[in-house]
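Notes for the one structure printed next.
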Amino acid sequence: MSTLVRSTSERFHFDRQQLVALADSKRHTYASARPFPHIVVDDFIPQEVLEGVLAEFPRPREADWFAFDSPLERKLATKDEAAMGEATRHLLAELNSAAFIDFLEHLTGIEGLIPDPHFVGGGLHQIERGGHLKVHADFNRHPRTDLERRLNVLLYLNRDWKPEYGGALELWSRDMKTSEAQILPFFNRCVVFSTTDTSFHGHPEPLTCPEGETRKSIALYYYTKQPPADAGGGEHNTLFQARPGEELPEPAPPEMDGRRPLPERVKAFARLVTPPILLDAVRRRRARRR
């Protein structure tokens with residue numbers, strides 16, 4: 001897909017005209033996709049660019065990852081640019097650029113898209129063996145700007161990923177009866193999908209990749225001033241959903257969890273029951289006091 005970029009020896013930049021042409025050719029595919037609008041594009045970024053990002057992607061113990069560890073999700077995430085290398089920072093800037101926003105608007109028909117330079121909920125994600133993310137719809141309002149979330153863009157960085165490792169992104173029907181799409185997280189695969197109160201997605205089964213292997217991705221979210229026309233109304237946090245025959249587990253109270261010292265268990269339980277929107281606000285207040 002190298003026609004989508006203007007490359008130099010050190011940097012690349014999206015070519016707006018080529019991106020818009022691609023978007024126009026894929027608009028019908030996006031709009032008609034089931035169970036909700038989405039598209040999968042392979043080899044989206046020049047391979048050498050993404051190889052550079054992968055080479056500097058921090059390992060689980062090499063950065064201050066925020067660990068989500070509950071019955072509903074086990075993953076690592078960071079939006080801290082200090083933990084990112086130069087190639088990663090440049091790629092994120094391009095994915096928030098005017099050229100890429102024009103591409104998304106032409107592809108989806110959603111006008112007035114606004115990127116998120118704070119990467120709230122996004123940035124770098126990493127899942128270790130045994131990790132998972134139960135099916136859910138995402139939080140719908142940005143905690144800092146109060147904008148309405150409209151699109152997710154996921155870019156996978158998993159070289160030589162095998163289907164038997166699992167980790168496919170599953171897209172579920174509105175009634176949660178059927179997984180209508182399963183998208184494996186192959187290297188340089190880009191997924192774009194609309195986010196609504198019923199755009200249920202996740203990878204609910206634990207990863208079975210070898211020890212030391214992880215499922216790596218970059219996540220970016222895009223917003224508008226107005227909610228989608230079919231929005232249910234009101235702000236909400238992540239909405240986890242049970243699959244047929246599945247009972248979502250309740251988090252254990254901290255005194256019932258004997259795997260970690262009590263202070264760590266209390267903190268973990270607080271993170272578990274506190275919506276990410278409120279956690280982000282607390283972190284901002286602490287940062288201002290420093």
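In what follows, residues are counted from 1 in the order of the sequence shown. All figures in this text were calculated on a predicted structure; none of them were measured in a lab.
- For Phe240, the ring-ring contact (aromatic ring centres under 6.0 Å, His included) partners at least two apart in sequence or on another chain are His136.
- Between the side chain of Thr88 and the main chain of Met84, no donor-acceptor pair closer than 3.5 Å is present.
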*Could you check His236 against Phe139 for ring-ring contact (aromatic ring centres under 6.0 Å, His included), going step by step and ending with a plain yes or no?*
CA-CA 6 Å; His236 65 74; Phe139 68 87; 8.5 Å; no

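- Put simply, Leu113 and Phe36 are part of two different groups of oily side chains (I, L, V, M, F, W, Y) that touch within less than 4.5 Å, one to the next.
- A cation-pi arrangement is absent between Arg189 and Tyr156 under the rule of less than 6.0 angstrom and at most 45 degrees off the ring axis.
- Not less than 6.0 angstrom separates the ring centroid of Tyr221 from the ring centroid of His142.
- In this structure, Phe44 has its ring center under 6.0 Å from that of Phe103.
- Salt-bridge formation is not detected for the pair Glu128/Arg74: no Lys NZ or Arg NE/NH1/NH2 atom is positioned less than 4.0 Å from an Asp or Glu carboxylate oxygen.
- The aromatic rings of Tyr222 and Phe100 sit tilted, their planes meeting at an angle between 30° and 60°.
- Between Phe119 and Asn96, the shortest heavy-atom contact is CE2-ND2, 3.6 Å.
- The minimum heavy-atom distance linking Leu50 with Leu91 is given by the pair CD1-CD2, 3.9 Å.
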What side-chain donor-acceptor pairs closer than 3.5 Å can you find for residues 206-213, not counting sequence neighbours?
unit_1	atom_1	unit_2	atom_2	d
Thr208	OG1	Glu164	O	2.7
Thr208	OG1	Tyr165	O	3.2

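- Under a 4.5 Å side-chain heavy-atom criterion applied to ILVMFWY residues, the cluster that includes Val20 comprises that residue alone.
- Note: Thr214 OG1 to His125 NE2 = 13.0 Å, rounded to the nearest 0.5 Å.
- Note that CG of Leu107 and CG of Leu22 are 7.5 Å apart. Values are rounded to the nearest 0.5 Å.
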